[in-house]
Amino acid sequence: MSIDNLFVGVGSKGFHPSSGNHLAIRTSVSCNTKQYFDGEIQLRLRILNKSGDYVYQKVYSNIGGKNIWGDSITSWENKTIYLNWNGKASKANTAGVKYGSFVPDGTYRVEVFYYAKDNSSKEYVKTITKKKSFKVSSKAPSGKDGVAAAATIPEYTGVDEIDYMAEKMITSAGIKTTMGQDEKVRRIYHWMTVNFKHKHADEFVKVKTYYDVTSAGAKKKIQAYKKQTLQNYRKGKLIFRTSFWDSYQIPYMQKRGGVCSDQAEIFAILCRHVGVDTGVCNGYYKNLDGSTPGHSWNYAVVNGRKYYYDVDIEIQNYGKGQGDYYWYKKTLAQAKGNHVFA
């Protein structure tokens, strides 16, 4: 088992614990052994002050999960832990900070380690693997302005073909790393609106394939891309955010098509690739005739604020006179005008 990287999304002026603000902490854990481990593994994340006392601790028990027979741990890899710390002290902290209170200014460090205990042993063996320091400052941006000023990191799916095609799409959209979050999302939204089609799976027979991921030449390119991706992963330049649905998007990305659920998943994949926190919303769409079919759309956190995007409805109506930004960047109140959140 290893902890491959640790990301702490602190802004250049530090982190200001305040209502509406949070410190994004991401750590990727991997285990590539197939050997059965008869015991328990706990992953622990602590935030310590300058004196080495922790103000916050979170314990992730049985991090390896269980197999279908109920065994304690099995082979797994690239599990990512997400924590948005609000700057408040946890229970029974050793720094003496009142539980639920914001921590005071100062230098802190995030420390991630795991405890392993074999069933034949009574003690956990502690192994510290990653540390990262940051500054807590009341002079740093607070609230949502603090979230907007925080550092971000790209999140890949870990599915080689998906990540390979996603990068090609991002390049085609003209996105550069120096662009702001709003511009990156805007370009992804526009590019999908123009280049994707609303198509069901049974309509794909005659649809053009834009990306080859199966030929020998394509597989060679994907392997080279995977090698570079893993290097960046180990350097802490990106993390993996694996979803059950990721691999299902391969044919829809190849043919630039799909229905609402596919478009929403792909929009999220592309946005995460450029460091924008994005998720999929599910529910119903309110049509003019009063019908409410099942539907999927997105939210994206842009510069610390959550907005809503419906790229599939935009795709279906593109070129029909409504423009191509009609369902772009809506507030929650605006989104609820046509969307019923499940």
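Keep in mind that what you see is a predicted model, and the values were worked out from it rather than measured.
Classification of K168 and D163 as a salt-bridged pair fails, no side-chain N sitting under 4.0 Å from a carboxylate O. Residues D182 and K329 are paired through a salt bridge, judged by an N-O separation under 4.0 Å between the basic side chain and the carboxylate. A salt bridge does not link K221 with D212: every distance from a Lys NZ or Arg NE/NH1/NH2 to an Asp or Glu carboxylate oxygen is 4.0 Å or more.
Cluster annotation: Y285 and M192 are assigned to the same hydrophobic cluster (Ile/Leu/Val/Met/Phe/Trp/Tyr, side-chain heavy-atom contacts under 4.5 Å, transitive).
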* **Test log, rule side-chain hydrogen bond (donor to acceptor under 3.5 Å, both in side chains), inputs S138 and D105** => CA-CA 7 Å; S138 55; D105 288 5; 3.0 Å; yes

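Taking a 6.0 Å sphere around NZ of K226, one finds it holds 12 or fewer heavy atoms contributed by other residues, nucleotides or ligands. Open room surrounds NZ on K197; 12 or fewer heavy atoms of other groups in view lie less than 6.0 Å from it.
Checked by atom type and distance alone, the side chain of N5 pairs as donor or acceptor with a backbone atom of Y233 at under 3.5 Å.
Both tests hold for K91 against Y99: distance to the six-membered ring centre under 6.0 Å, angle to the ring axis within 45°.
Screening N84, I81, I47 against I25 for a side-chain contact (heavy atoms from CB on, under 4.5 Å) leaves a single residue, I47. For the salt bridge (charged side-chain N to carboxylate O under 4.0 Å, His left out) criterion with D277, the lone passing option out of R241, R272, K306 is R241. Applying ring pair (Phe, Tyr, Trp, His ring centres under 6.0 Å) to F341 and the options Y299, Y284, W297 leaves one that passes, W297.
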